[in-house]
2 protein chains.
Amino acid sequence: MKNKAPRKKRAAVPAEAVAGAEQSAPDLGAEAHRFSQTRSARSAEILEDYTELIADLMEEHGEARITDIARCLGVTHPTAAKAVARLKREGLVTSRPYRGVFLTEAGAAMAERVRVRHRIVIEFLKAIGVPAEIAAVDAEGIEHYVSDATLAAFSDFVRSAPEV
Amino acid sequence: MKNKAPRKKRAAVPAEAVAGAEQSAPDLGAEAHRFSQTRSARSAEILEDYTELIADLMEEHGEARITDIARCLGVTHPTAAKAVARLKREGLVTSRPYRGVFLTEAGAAMAERVRVRHRIVIEFLKAIGVPAEIAAVDAEGIEHYVSDATLAAFSDFVRSAPEV
DNA sequence: ACAAAGATGTAGCCTTGGCTTCATTTCACT
DNA sequence: AGTGAAATGAAGCCAAGGCTACATCTTTGT
Ligand SMILES: [Mn+2]
Ligand SMILES: [Mn+2]
Ligand SMILES: [Mn+2]
Ligand SMILES: [Mn+2]
C-alpha cells in the first residue's frame with residue numbers, strides 16, 4: 001500500500017492563466033514577474049547597505065575601515081571583508097591591503113541614491129505615526145523595496161503633512 | 001615601494017560610541033541591532049512567500065503542486081522542491097512523494113498572518129497614490145519588513161482616508 | 001493496456017553571506 | 001627602537017537559494 005491519495009486532474013493552474021503569454025520572451029506571468037523583481041531587489045540589498053554605510057563612515061571619520069564596517073553592521077570582520085571584495089569586483093569600491101575602503105564614482109552615486117531613499121522612508125514612517133526607533137529598523141529593510149513611484153508618493157506625503 | 005598611504009589614528013570609531021554598552025549581553029550597538037533585525041526578516045522572507053502562496057493555491061485549486069508553486073514564483077521546480085523541503089523541516093508543511101504540499105497548523109497560521117499583512121500593505125500603497133501594478137510589486141518586498149507598529153499605522157491610514 | 005507527456009525527484013554545480021580559526025601586518029606607546 | 005595589541009587577511013566550513021541535467025513516477029488519452 002502506497003500513495004493512495006486521491007488525485008485531481010492535472011494542470012490545476014492552466015498555463016495560460018498564469019503566463020501572461022502576450023508576446024515573445026521568457027515572459028513570466030505577472031505573478032512570477034512580481035517575485036522576480038523582489039528577488040533582484042533582495043540581491044542588491046547588501047550592496048546598497050554597504051555603500052551607504054561606507055559613505056557615512058567616510059563623512060564622519062574621514063575613512064571607512066573594515067572593522068568599523070563590520071561593527072556597524074553587526075557581522076564579523078571576515079564577513080565584511082568578503083562583502084567588500086564583492087563590492088570591489090562590481091566596481092563600487094577600491095581598496096588596498098591593510099588600508100581602508102573607498103567608494104568609486106559608481107559607488108558614491110549608489111550611496112547617494114540610497115541615502116536619499118533611506119531618509120525619505122524614515123521621515124515618511126515617522127510622519128504616519130511610527131515611533132522613531134521602530135521606524136529606523138523598518139526603514140532599513142523597506143528602503144530596498146520602494147520603487148521610484150512609491151518613493152515619490154512617500155515624499156509627497158511628507159511634504160503635504162508637515163505636522164500631525 | 002608599497003603601502004605608502006597616510007594612516008590616521010586607529011579606533012576612528014570608539015567602541016563605546018557604537019556599542020550601546022548599557023548592560024551585559026552581546027549588546028550590539030543600536031546600529032548593528034537595526035541591521036540584525038533586518039537580516040532575520042530577510043531570512044524569513046522566503047518562508048513567508050511560500051506559505052502564503054501555498055494557501056492561495058489551495059484555496060483556488062484545492063491543492064498546491066510543486067510545479068504550480070514554481071511557476072507562480074518564477075523559479076525552476078527543483079528550487080521550489082528544495083524550499084518545500086526546508087518548509088517541511090521547519091514544520092510548516094507536510095508532503096509525500098508525488099503528492100501535493102499541505103500546510104500544517106503552524107504553516108496555515110503563518111500564511112494567514114502574511115496574507116493580512118500583504119493585503120494591508122497593498123491597500124496602503126494604493127491609498128497614498130501608488131499605481132496598482134507598482135503597488136503589487138513593491139508590496140511583495142515591503143510586506144516582510146513592516147513591524148506591527150508600522151502595519152498598524154498603515155491600517156489606520158487606510159481606514160481614515162477611504163477615498164482621495 | 002500502454003505510451004507519450006507531464007510532474008516530481010535526485011544529484012551536483014554555483015554564488016552569497018554567515019561563521020571560526022589562525023597568520024600576518026600596522027600602529028601606538030613605552 | 002621594540003613590542004604588544006589591534007586590524008587585516010586567508011583558509012575553510014556551513015546553509016540557503018538559484019540553476020541544469022537526468023531519472024523516475026503518474027496521468028491522460030488513444
Ligand atoms: Mn538597509
Ligand atoms: Mn539604509
Ligand atoms: Mn513577498
Ligand atoms: Mn506576499
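Below, read A as the first sequence line, B as the second, and so on, with proteins coming before strands; counting in each chain starts at 1.
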- Message: Nearest 0.5 Å, please: how far is CD in A:Glu48 from CZ in A:Arg113?
- Response: 7.5 Å
- Can you tell me how far C1' of C:dT16 sits from CG of A:Leu47, to the nearest Å? 11 Å
- Query: Among D:dG17, C:dG9, D:dA10, which is the nearest nucleotide to the side chain of B:Pro97?
  - Reply: C:dG9
- Task: Mind calculating the distance between CG (A:Asp49) and C1' (C:dG17) to the nearest angstrom?
- Result: 13 Å
- Note on the structure: Closest of D:dA11, D:dT26, C:dT26 to the B:Arg99 side chain is D:dT26
- Tell me, with the steps shown, if A:His118 and A:Glu140 meet side-chain contact (heavy atoms from CB on, under 4.5 Å). CA-CA 7 Å; A:His118 192 121; A:Glu140 201 55 71; 3.2 Å; yes
- Query: For the side chain of A:Thr76, counting heavy atoms from C-beta on, which of C:dC19, D:dC19, D:dT8 is nearest?
  - Reply: C:dC19
- To the nearest angstrom, how far is A:His77 atom NE2 from C:dT20 atom P? 11 Å
- Relative to each other, are the rings of A:Phe157 and A:Phe124 parallel, tilted or perpendicular (30° and 60° limits)? perpendicular
- Item | Residue B:Pro78, side-chain heavy atoms: nucleotide from D:dA21, C:dG18, D:dT8 that is nearest | D:dA21
- Query: OP1 or OP2 of C:dG18 sitting under 4.0 Å from any side-chain N/O of B:Arg42?
  - Reply: yes
- Task: Measure the distance from CD on A:Glu45 to P on C:dT15 and round it to the nearest whole Å.
- Result: 21 Å
- Task: Determine the minimum heavy-atom distance between B:Thr38 and A:Val137, stating which atoms define it.
- Result: OG1-O, 3.9 Å
- Item | Given C:dT8, C:dT26, D:dT20, the nucleotide with the shortest approach to the side chain of B:Thr67 | C:dT8
Residues 72-81 of chain A, side-chain donor-acceptor partners within the protein, below 3.5 Å, at least two apart:
residue : atom : partner : partner atom : Å
A:Thr76 : OG1  : A:Thr79 : OG1          : 3.2

- Query: For B:Leu73 and D:dG18, what is the distance between atoms CG and C1' respectively, to the nearest whole Å?
  - Reply: 13 Å
- Atom pair distance, as rounded to whole Å: CD1 in A:Ile69 and C1' in D:dT8: 12 Å
- Using heavy atoms and a sub-4.0 Å distance, could you list which residues of residues 79-92 of chain B are near DNA chain D? By number, please. B:Thr79, B:Lys82, B:Arg86, B:Arg89
- Query: Can you name the nearest heavy-atom pair linking B:Arg117 to B:Glu143, along with the distance?
  - Reply: NH1-O, 2.7 Å
- Grab the NE2-P distance between B:His61 and C:dA7 for me, whole Å please. 13 Å
- Query: Of the nucleotides D:dT20, D:dG18, D:dG9, which one has an atom closest to the side chain of A:Tyr98?
  - Reply: D:dG9
- Item | Check: B:Asp138 side chain, A:Val146 main-chain N or O, donor-acceptor pair, under 3.5 Å | no
- Query: Rounded to whole angstroms, how far apart are CD1 on B:Ile66 and C1' on D:dT27?
  - Reply: 18 Å
- Message: Measuring to OP1 and OP2 of C:dG9, would you say a side-chain N or O of B:Arg96 lies under 4.0 angstrom away?
- Response: no
